[in-house]
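Below, chains carry the letters A, B, ... as their sequence lines are ordered, and counting in each starts from 1. The figures here come from the full heavy-atom set of this structure, side chains too, leaving out hydrogens, waters and symmetry mates. Source: prediction; values computed, not measured.
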Amino acid sequence: MTTSSDSWRTAIASALNILKTEKGLDAPDIDAASIVFEIPPKPELGDYAFPMFPFAKAFRSAPPAIAARVGEILGEKALATGLGSAVAAGPYLNVRIEKLSVVETTLRSVKAAGNSWGRGTALAGQKIMVEFSGPNTNKPLHLGHLRNDALGVSISRVLAAAGAEVRKVNIINNRGIHICKSMLAYMKFANGTTPESEGIKGDRFVGNFYVKFHEYAQKNPGAEAEAQELMRKWESGDPETIELWKKMNGWTIAGINVTYKRTGVSFEKAYFESDTYLKGREEVMKGLESGAFYREEDGSVWVDLAEIGLDKKVLLRKDGTSLYVTQDIGTAIYRHNDWAFNRMVYVVASEQQYHFKVLFHILSKLGYEWAKNLYHLSYGMVNLPEGKMKSREGTVVDADDLLDGLRDLAKEEILSKGRELDVGDIDETAEKIALGALHYYLLQATPTKDMLFNPKESLSFTGDTGPYLQYMGARIVSILRKWDELEPGKRGRFRPELLTGPEEWELVKMVASFPDKIAEAYREMNPAVIAAFLYDLAKLFSRYYHDNPIINNLDADLNATRLELTQAVMQSLKNGLELINVPFLEKM
RNA sequence: GAGAGAUUAGCUCAUCUGGAUAGAGCGACGGCCUCCGAAGCCGUAGGUAGGCGGUUCGAAUCCGCUAUCUCUCACCA
């Protein structure tokens with residue numbers, strides 16, 4: 001597809017240059033690369049459209065006139081030989097490309113590539129680190145983490161599909177005052193209970209104590225001070241405090257890992273704040289020596305951000321202790337030493353845009369050349385119909401609860417359709433449908449924008465949803481299964497020239513564009529590109545096979561040929577769903 | 001006070017680097033299961049793209065002003 005559009009550009013550039021000579025203009029030659037093309041709004045118009053507006057001024061004639069003459073020249077001079085045909089339509093030159101070879105090569109490529117269909121090499125040789133999730137060890141994951149995780153997993157897979165070597169890393173926020181609060185509450189109210197003794201997930205168990213702390217603090221003004229005191233004990237390495245801290249962190253992380261496993265989230269490496277929070281200090285001291293930073297009279301160390309139009313910022317307190325940025329400076333350098341990435345992507349909420357702007361600037365000020373390749377994949381908040389999620393008001397949507405709810409609903413749906421016997425393991429299927437619904441819902445929106453999470457809508461399985469895509473996949477697999485059951489003698493022969501219908505041509509073009517969509521997704525750092533592509537593909541195929549029998553035609557060759565197309569659609573769907581972490585289902 | 005972002009159909013979202021009549025889903029209304037699974041398919045209704053101005057042959061898209069909303073500007077993380 002790409003190559004044929006390039007050939008057309010060359011042909012049109014030549015035609016324009018001939019027209020230029022005809023008109024006796026002495027402007028420089030028109031370069032093929034400067035010719036823009038687009039996809040016509042309606043397929044009947046053609047496969048490509050070349051707008052002639054840009055040449056109106058130089059040629060001193062109206063775009064429709066140019067289009068008309070260019071169309072003639074292409075015909076007269078046979079510039080389009082083998083490329084297809086061109087026809088002027090108003091200011092556009094609409095082009096139809098030679099279908100047969102495209103159909104043939106597309107279907108053959110998909111078949112040959114199989115599960116790697118769509119993968120490219122644009123990022124080959126690139127080492128890209130992707131940080132996402134960033135849980136706290138004082139509470140379970142919530143809806144916000146789910147969006148973060150969905151984006152992190154998806155963008156990692158997209159980058160890998162573009163040829164990069166990707167390393168997914170987590171940052172575990174396991175220290176700080178909030179951690180001490182749940183520890184304090186545990187000391188006061190737990191009476192030695194454990195997640196095992198209570199039979200609940202470790203992250204939930206610890207989170208409950210975090211809630212208890214706040215209840216306690218309401219009645220006891222001294223609570224904050226007590227937590228601060230515990231924090232000091234932790235920092236001074238008090239053995240009992242450390243022991244409790246380790247125990248509770250272990251519980252939380254074990255619980256969170258269960259949720260990760262459930263949602264298909266994994267990491268090559270986890271970094272712990274408790275290991276990295278001190279590392280920034282020496283880097284800041286080096287920067288102080290090199291003159292990148294300066295010291296105030298009280299001993300605190302600052303950076304002047306005037307170069308990027310911002311104010312001044314503290315990097316070390318007067319007592320020499322680190323802050324959030326300081327810690328992230330250390331973590332970034334530590335990680336680059338760990339694994340020398342070419343690029344690093346931070347999947348972090350948009351509320352931290354300022355933080356990353358500052359962080360990246362400081363790192364480049366410290367002379368780290370790779371700092372310019374750091375990227376903040378900023379995503380918007382997930383709001384509820386009632387408004388923002390607020391932990392104080394208890395409106396935070398717990399990740400496990402949400403998944404359970406979705407899973408139960410999917411199960412009901414299976415039962416109500418009477419498919420429990422067809423589906424195999426009903427619980428596993430329901431779980432996968434739930435994940436499909438959730439991940440598609442979270443990824444179909446543009447990452448940078450805030451989004452509204454409507455529980456009712458996310459539970460819906462009809463229309464523009466993950467389960468719809470899964471359903472189309474299952475239906476296709478069902479057809480392929482029937483084909484396999486056919487006697488080999490009745491299967492016919494693949495003859496691409498039989499794919500003459502307009503929908504068939506649209507499907508082939510769409511399948512062929514899958515690699516371009518992956519490229520677009522990584523360039524824009526936006527998995528929604530993949531989600532939208534899959535929906536369009538599924539919808540188009542759905543209409544197609546509704547109106548056209550795939551393997552029930554009298555013509556055995558037509559069956560075999562349509563089956564190849566169906567197979568290619570299935571492969572594109574399957575590979576695309578993998579990129580957005582929506583499970584592909586053979587039956588549902 | 002300053003910075004960043006948002007505003008598109010009743011609701012949730014698309015609209016690729018400015019291009020042909022702004023598209024989907026949900027909801028509403030109306031059709032389609034002796035036919036490869038109806039979680040489906042087809043159709044109807046619904047938009048002055050927050051508002052005003054500008055640039056351009058052409059603006060949802062770029063620029064300015066303005067309204068409303070969100071986030072940020074901590075020696076919190």
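Taking a pair to require two hydrogen-bonding distances under 3.5 Å in either a Watson-Crick or a G-U wobble arrangement, B:G47 remains unpaired. B:A22 is unpaired under the Watson-Crick or G-U wobble criterion, no partner having all donor-acceptor distances under 3.5 Å. Using the Watson-Crick or G-U wobble rule with both distances under 3.5 Å, B:U55 pairs with nothing in any strand shown. The base-pairing partner of B:U34, taking Watson-Crick or G-U wobble contacts with both distances under 3.5 Å, does not exist among the strands shown. Partner assigned to B:C73 is B:G1, using Watson-Crick or G-U wobble distances below 3.5 angstrom. As the counterpart of B:A9, no nucleotide is assigned, since no Watson-Crick or G-U wobble pattern has both distances under 3.5 Å. Summarising the base pairing, B:U17 is matched to no nucleotide, lacking a Watson-Crick or G-U wobble pair whose two defining distances lie under 3.5 Å.
Using a 4.5 Å heavy-atom threshold, the side chains of A:Tyr440 and A:Ile580 count as touching.
B:A38 atom P lies 13 Å from atom CE of A:Met588, rounded to whole Å. Distance, A:Phe59 CZ to B:C57 P: 18 Å, rounded to whole Å. Atoms NE2 (A:His546) and C1' (B:A39) sit 14 Å apart, rounded to a whole Å. We find that CG of A:Asn552 is positioned 13 Å from C1' of B:G37, with the value rounded to whole Å. Atom CD1 in A:Ile414 sits roughly 17 Å away from atom P in B:G37 (whole-Å rounding). Rounded to an integer number of Å, the gap from A:Ile308 CD1 to B:A4 P is 13 Å. Computed from coordinates, the A:Ile66 CD1 to B:C57 P distance equals 14 Å when rounded to whole Å. The OH-C1' distance, from A:Tyr545 to B:G37, rounds to 7 Å in whole Å.
Contacts of A:Asn553 with the nucleic acid, taken as non-hydrogen atoms under 4.0 Å apart, are absent. As judged by a 4.0 angstrom heavy-atom cut-off over every strand, A:Asn548 is placed among the base-contacting residues.
Side-chain N/O atoms of A:Lys517 include none lying less than 4.0 angstrom from OP1 or OP2 on B:C16. In this structure, A:Tyr544 does not reach the B:G40 phosphate: none of its side-chain N or O atoms is under 4.0 Å from OP1 or OP2. At B:A38, one or more side-chain N or O atoms of A:Arg475 fall inside 4.0 Å of OP1 or OP2 (strictly under the cut-off). A sub-4.0 Å separation between OP1 or OP2 of B:C36 and a side-chain N or O of A:Ser478 is absent.
Geometrically, A:Lys574 engages A:Phe584 in a cation-pi contact defined by less than 6.0 Å to the ring centre and at most 45° from the axis. Geometrically, A:Arg9 does not engage A:Phe50 in a cation-pi contact, judged by NZ or CZ lying under 6.0 Å from the ring centre and within 45° of the ring axis.
Contact between A:Gly463 and A:Tyr468 at its shortest, heavy atoms only, is O-CB, 3.1 Å.
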Show the atom names and distances, to 0.1 Å, of all donor-acceptor pairs under 3.5 Å that link a side chain in residues 427-436 of chain A to residues at least two apart or in another chain.
residue	atom	partner	partner atom	Å
A:Asp427	OD1	A:Lys411	NZ	2.6
A:Glu428	OE2	A:Lys432	NZ	3.2
A:Thr429	OG1	A:Asp425	O	2.7
A:Glu431	OE1	A:Arg262	NH2	3.4
A:Glu431	OE2	A:Arg262	NE	2.6

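Looking only at atom types and distance, the side chain of A:Gln353 has no donor-acceptor partner in the side chain of A:His376 under 3.5 Å away. Under the 3.5 Å distance criterion, with hydrogens and angles disregarded, no donor-acceptor pair is assigned to the side chains of A:Thr137 and A:Thr252. Remark: the A:Tyr48 side chain and the A:Glu38 side chain contain no N/O donor-acceptor pair separated by less than 3.5 Å. Using a 3.5 Å distance cut-off with no hydrogens or angles, the side chains of A:His178 and A:Asn173 do not pair a donor with an acceptor.
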Expected string for nucleotides 7-13 of chain B under the B/S/- scheme (protein heavy atoms, under 4.0 Å, primed atoms plus P, OP1, OP2 as sugar-phosphate) is S----SS
Protein heavy-atom contacts under 4.0 Å, written 5' to 3' over nucleotides 71-77 of chain B as B (base), S (sugar-phosphate only) or - (none), form the string SSS-BSB
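Two rings, from A:Phe132 and A:Tyr346, have their centers 6.0 Å or more apart.
Remark: the separation of the C1' atoms in B:G30 and B:G46 is 16 Å, to the nearest Å. Rounded to a whole angstrom, the distance from the C1' atom of B:U48 to that of B:C52 is 13 Å. Separation of the C1' atoms belonging to B:U17 and B:A60 is 15 Å when rounded to the nearest angstrom. Distance check on atom C1': B:C42 versus B:A24 gives 16 Å, rounded to whole Å. Rounded to a whole angstrom, the distance from the P atom of B:C11 to that of B:U72 is 27 Å. Across the P atoms, B:G23 and B:A49 are found 13 Å apart, a figure rounded to whole Å. The gap from the C1' atom of B:A39 to that of B:U34 amounts to 23 Å, rounded to the nearest Å. Rounded to a whole angstrom, the distance from the P atom of B:G10 to that of B:A6 is 22 Å.
Taking the six-membered ring where the residue is Trp, A:Tyr210 and A:His214 present perpendicular rings, their angle passing 60° and hence far from 30°.
When each of A:Arg543 and A:Leu45 is assigned the nucleotide of RNA chain B bearing its nearest heavy atom, the one mapping closer to the 5' terminus is A:Leu45. Where A:Lys357 and A:Glu520 meet RNA chain B, the nucleotide closest to each residue was compared, and A:Lys357 sits on the side nearer the 5' end.
With its glycosidic angle more than 90° from 0, B:C35 adopts the anti conformation.
A salt bridge links A:Lys509 and A:Glu506; the closest N-O separation between the charged side-chain nitrogens and carboxylate oxygens is under 4.0 Å.
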